[in-house]
Protein chains: 2
Amino acid sequence: MSRWEPNARGRLETAALALFTEHGFEQTTVAEIAGRAGLTERTFYRHFADKRDVLFPDTNPLGTFLVEALEGVPAPAAPMDTVAAVLDGVGLFFKDRWEFARRRQAVIAANPELHERELVKFAFLTATLSEGLRRRGVGEPAASLAAEAGVAVFKIAFGQWVAESEQRDLRELMRAAVAELKAVTSAGEAPG
Amino acid sequence: MSRWEPNARGRLETAALALFTEHGFEQTTVAEIAGRAGLTERTFYRHFADKRDVLFPDTNPLGTFLVEALEGVPAPAAPMDTVAAVLDGVGLFFKDRWEFARRRQAVIAANPELHERELVKFAFLTATLSEGLRRRGVGEPAASLAAEAGVAVFKIAFGQWVAESEQRDLRELMRAAVAELKAVTSAGEAPG
DNA sequence: GGTTTGATGTCAGACACTGACATCAGGTCG
DNA sequence: CGACCTGATGTCAGTGTCTGACATCAAACC
């Protein structure tokens, strides 16, 4: 028999999401989260850098997934096609996480502090994507722009996806958004 | 003679930027900022919602400027052309603020917490721009995408602008970024 | 001149977060 | 087998952010 219950980190994440949903983010203290998980406040801070981080784990699967997806794209593709291919993979990634994503997003949307942290995660994805593109030979500022565009598409499509009452195909939403973005940016290019 | 020195808010902003530059953001306490401004910590929190906000004032001139610029654009323009026109105005807005922008950006870049807050301000600009476009009849998700694209262009061009050792024309950098974005998004659209 | 207003000060306190040290089951090594 | 080390946790004390409640008092207003 081991000295402690296993999966302390997971228990903290579960307890936090539950308490945030029940009482709200601000009304929940770290001590309460730790208490529900059978741990102390100090231990919470050994697993998460701060209170918000419990919803944004460092072991962000999406980040690593992104890198792998990027490497899987055939090399001689235009930047935006590469991004589109990566987004397709991301769509599959979320396939079985719709319910969880919805619950989590509800908590985040209800708390400006959490929304703020979410933006950091998006910025991290943008940086990851941009670096990946540069590694594939895309120059600046093309790489940064394509990365920003890709994450923008993801943001918007993801927002639509979790907002629907029925689960749709995230990939379709993203493909539509990519098409819309192309239309928007090319329109009026050479008027007349 | 009035009871207090005038412009308490401005004194706090000046004191904060100076102290953040000298000792860093985390090493500076709110009490120190208030002290240098001849005020108390409590008064600081009457002017700013939190410690970071002293670098991101609510009376954000850029936000209001954006709205006005948006209204100044002739109505029958394509979304991205509207955004481009607004960005041109924004470029002028920063014309005389290069030095200040550089100092401020140096402080922000040195502190993740401040960078995080900056992302919120960008998100606010995106929302403002998106809403303005929708008010002009642009539908969704085109409005959101154009807004995201515009802010992305601003972010990247602004980053280049403050990174240079000599002041260049922000408008040119943004125009180039818009052109690059169009190139990136249209490339590979209908491959041969 | 009395009253109201509003920016500030004072004080107490909750809570986020951190450093230092203690504990103790389980694995390691001699 | 026993001494030792490791690592996850607990305990405690402390700093700093941020907030609510109440006090102050020049200036404006009537």
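In this structure, the NZ atom of B:Lys51 is 14 Å from the P atom of D:dT19, given to the nearest Å. Protein atom CZ of A:Phe44 is 9 Å distant from nucleotide atom P of C:dA16, rounded to whole Å. Rounded to whole Å, the distance from CZ on A:Arg52 to P on C:dC15 is 18 Å. Residue A:Asp50 contributes atom CG, which lies 13 Å from atom P of D:dC18 at whole-angstrom precision. Protein atom CZ of B:Phe48 is 15 Å distant from nucleotide atom P of D:dT17, rounded to whole Å. For B:Asp53 and D:dC18, the CG to C1' distance is 13 Å, given to the nearest whole Å. Following rounding to the nearest Å, B:Glu32 (CD) and D:dC18 (P) show an atom-to-atom distance of 14 Å. A straight line from OH of B:Tyr45 to C1' of D:dA21 spans 18 Å, rounded to a whole angstrom.
Every residue two or more places apart in sequence or in another chain was checked for a ring pair (Phe, Tyr, Trp, His ring centres under 6.0 Å) with B:Phe124, and none qualifies. In this structure B:Phe158 satisfies the ring pair (Phe, Tyr, Trp, His ring centres under 6.0 Å) test together with B:Phe94, B:Phe154, B:Trp161, sequence neighbours excluded.
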Steps toward salt bridge (Lys or Arg N to Asp or Glu O under 4.0 Å) verdict (A:Glu13, A:Arg9): CA-CA 6 Å; A:Glu13 287 175 6; A:Arg9 188 189 182 92; 3.6 Å; yes
Salt bridge (Lys or Arg N to Asp or Glu O under 4.0 Å) evaluation trace for B:Asp169 with B:Arg171: CA-CA 5 Å; B:Asp169 188 337; B:Arg171 282 178 307 170; 3.5 Å; yes
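Partner of B:Arg168 under the side-chain hydrogen bond (donor to acceptor under 3.5 Å, both in side chains) criterion, chosen from B:Glu166, B:Glu172, B:Glu164: B:Glu164.
Under a 4.0 Å N-O distance rule, the pair A:Glu148/B:Lys155 qualifies as a salt bridge.
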Under 4.0 Å protein heavy-atom contacts per nucleotide of nucleotides 2-15 of chain D, with B for base, S for backbone only and - for none: -----BBBBB----
